[in-house]
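Start at 1 and go down the list; that is how both ligands and their atoms are numbered. Quick note: residue numbers are just sequence positions, from 1.
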Amino acid sequence: MIKKILEKASTEHNLSKDEIIKLLSADDETQKEVFVAANEVRKKYVGDEVHLRGLIEFSNICRQNCLYCGLRRDNDRLKRYRLSPEQIVDYAKNAVNLGYKTIVLQSGEDSFFDVKKMVEIISEIKKFDVALTLSIGEKTLEEYEAYKRAGADRYLIRIETTDKKLYEKYDPEMNFENRIECLKNLKELGYEVGSGCLVGLPEQTLASLADDILFFKDIDADMIGIGPFIPNENTPLCNAKQGDFYLALKVMSVTRLLMPNINIPATTAMETINPNGRIIALQSGANVVMPNVTQDEYRKYYEIYPGKICVNDTPDKCRGCISAKIKSIGRSVSEDKGFRRNV
Ligand code: SAH
């Protein structure tokens, strides 16, 4: 049964919702076949190169109040920070010197960084001949347009869950349709668009995860980041159960089977709940890693969830460490900007 579905997925890159659910239900014995199939499709379409993206977490101040996220507005136990525009550009420059070809700027929804400031930061970083990705939440079409004109190439905004009821429960005051509108606007403006979901939110079902995967395909996302939900003690979901590593991995692998040429990161959340999580993900369909290039004490204050890896390391050390791991599994670190392959 699983074999037949995998054969179809690997050749046609299309599955029905029921077939996806069957793959997501694969047990400990058979799930390995899903990972192997996704790894083969990855190799065939995007090759053995791994793209590294240098991630700068430049502000943990957020106006939103998502129930799962440690950056939520009402969490008063988090030490808040925001880097100055000069500091952000400086961290980016350091990352470029380490060999990064893509810089990702991520933050909470911090209104201090208005259009004028963001445009300035983007323009400065784009002078370094790198691809630039933004992950700064919901903005207006005009704002997205201004960032694009300033040189931003990509934008990450996860849908988190396509189950509208769950979305509105866990992201109070936010509007599901608006999130979709953001994704649509970004695509129309010519960004490479990244999205993704959390796996293991309370009440989330396999059917809902199957819908998430079909949604990624429907919006033709260029990048999909998938990570297990990790409960944070300073949030209302503190007592919820942690997402399952292998279920998150299956969602990621099935996404690869259905979207063979996109970029898929081995996410930090995967490594947080499994000490070898990123390597396992790279061998199950992923082709991207986003090492942290934030410096100093700020690394530990960007505490979306507990136990985040490498908070006491330096950008230099992280780059060396992940590069060695990538080589140890017979893969190589890409030297280009790593846009979505056109195959
Ligand atoms: N403010 C930006 C960036 C969000 S933080 C935005 O809205 O897009 C990046 C991602 O962290 C989120 O999209 C979410 O999927 C993930 N995240 C938040 N809380 C988490 C948790 N408790 N466990 C695992 N991942 C989490």
Side-chain angles (χ1 to χ4, degrees), residues 53 55-75 78 80 82 104-113 118 133-139 143-144 147 152 154-163 166-167 170-176 178-183 185-186 191 193-202 204 209 212 216 221 223-245 247-248 251-252 265-274 277 290 292 294 301-309:
R53 324 288 201 197
L55 175 67
I56 303 176
E57 298 161 333
F58 67 93
S59 165
N60 68 358
I61 296 169
C62 192
R63 68 184 169 113
Q64 302 291 8
N65 219 8
C66 305
L67 265 53
Y68 43 79
C69 184
L71 308 191
R72 68 196 306 269
R73 185 179 75 220
D74 287 351
N75 179 10
L78 182 67
R80 303 283 173 168
R82 67 165 65 98
V104 183
L105 299 182
Q106 191 181 82
S107 69
E109 293 198 11
D110 180 355
S111 49
F112 171 82
F113 292 95
M118 282 313 299
T133 306
L134 300 177
S135 176
I136 57 178
E138 297 186 15
K139 307 282 171 191
E143 287 171 290
Y144 287 151
Y147 304 154
R154 311 186 184 124
Y155 205 103
L156 308 182
I157 182 161
R158 288 184 175 175
I159 190 68
E160 315 294 2
T161 170
T162 55
D163 183 324
L166 283 189
Y167 182 90
Y170 298 135
D171 305 77
E173 302 155 45
M174 293 174 81
N175 178 292
F176 182 69
N178 192 56
R179 197 112 180 138
I180 294 185
E181 181 73 15
C182 286
L183 284 160
N185 286 342
L186 290 161
Y191 282 92
V193 175
S195 195
C197 64
L198 286 163
V199 177
L201 287 167
Q204 191 182 37
L209 288 167
D212 293 355
F216 304 150
M223 182 273 209
I224 287 297
I226 285 150
F229 156 69
I230 305 171
N232 182 320
E233 63 168 353
N234 300 323
T235 65
L237 292 185
C238 55
N239 293 321
K241 198 168 144 258
Q242 177 173 292
D244 180 73
F245 177 78
L247 180 58
V251 174
M252 190 201 82
T267 57
T268 307
M270 295 261 200
E271 184 106 346
T272 299
I273 66 164
N274 182 313
M290 297 167 67
N292 194 340
T294 315
Y301 297 139
Y302 198 79
E303 202 180 7
I304 292 178
Y305 48 74
K308 228 172 105 214
I309 54 164

Check: R80 side chain, L71 main-chain N or O, donor-acceptor pair, under 3.5 Å: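 Yes, R80 side chain to L71 backbone: donor-acceptor pair under 3.5 Å.
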Without swapping roles, check the side chain of Q242 against the backbone of I273 for a donor-acceptor pair under 3.5 Å. no
I'd like to check which ligand 1 atoms, numbered from 1 as shown, lie under 4.0 Å from a non-hydrogen atom of [X].
| X | result |
| --- | --- |
| P228 | 23 (N), 24 (C) |
| S107 | 1 (N), 2 (C), 3 (C) |
| I304 | 5 (S), 11 (O), 17 (N), 18 (C), 19 (N), 20 (C), 26 (C) |

Specify the protein heavy atom at minimum distance from atom 10 (C) of ligand 1: its residue, its atom name, and the distance to 0.1 Å.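 Going atom by atom, the protein heavy atom closest to atom 10 (C) of ligand 1 ends up being R158 NH1, 4.2 Å.
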Protein heavy atom at shortest distance from atom 25 (N) of ligand 1: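 Looking only at protein heavy atoms, the one closest to atom 25 (N) of ligand 1 is L198 CD2, 3.2 Å.
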Which part of [X] is near ligand 1, with near meaning a heavy atom under 4.0 Å away: side chain, backbone, both or neither?
| X | value |
| --- | --- |
| Q64 | neither |
| Y305 | side chain |
| N232 | neither |
| A269 | neither |

If we only consider heavy atoms of G243, is any one of them less than 4.0 Å away from an atom in ligand 1?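 Per 4.0 Å heavy-atom rule, G243 does not contact ligand 1.
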Does even one non-hydrogen atom of E57 get within less than 4.0 Å of ligand 1?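 Not so, E57 does not reach ligand 1.
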Given E160, M270, E109, which has its nearest heavy atom closest to atom 13 (O) of ligand 1? E160
Nearest neighbour of atom 8 (O) of ligand 1 from the list E138, R179, Q106, on a heavy-atom basis: R179
More than 12 heavy atoms of other residues, nucleotides or ligands under 6.0 Å from CG of D74: yes or no? yes
What do you reckon, does Y68 have a nitrogen or oxygen under 3.5 Å from a nitrogen or oxygen of ligand 1? yes
Please indicate whether any nitrogen or oxygen in I230 is less than 3.5 Å from any nitrogen or oxygen in ligand 1.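 Checking ligand 1 against I230, an N or O pair does fall under 3.5 Å apart.
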Closest heavy-atom contact between R72 and N65? NH2-O, 3.0 Å
List the atom of G200, the atom of F229, and the distance in Å for their closest heavy-atom pair.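 Minimum heavy-atom separation between G200 and F229: O-CD2, 3.5 Å.
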Answer yes if the side chains of [X] and [Y] hold a donor-acceptor pair under 3.5 Å, and no otherwise.
| X | Y | answer |
| --- | --- | --- |
| N175 | Y167 | no |
| E303 | N232 | no |
| D163 | T161 | no |

Find out whether T294 and Y302 are in side-chain contact, i.e. whether some heavy atom of one side chain is under 4.5 Å from a heavy atom of the other.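 They are not in contact (no side-chain heavy atoms under 4.5 Å apart), so the answer is no.
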Can you find a pair of side-chain heavy atoms, one from L105 and one from M118, that are under 4.5 Å apart?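 The answer is yes; the side chains approach within 4.5 Å.
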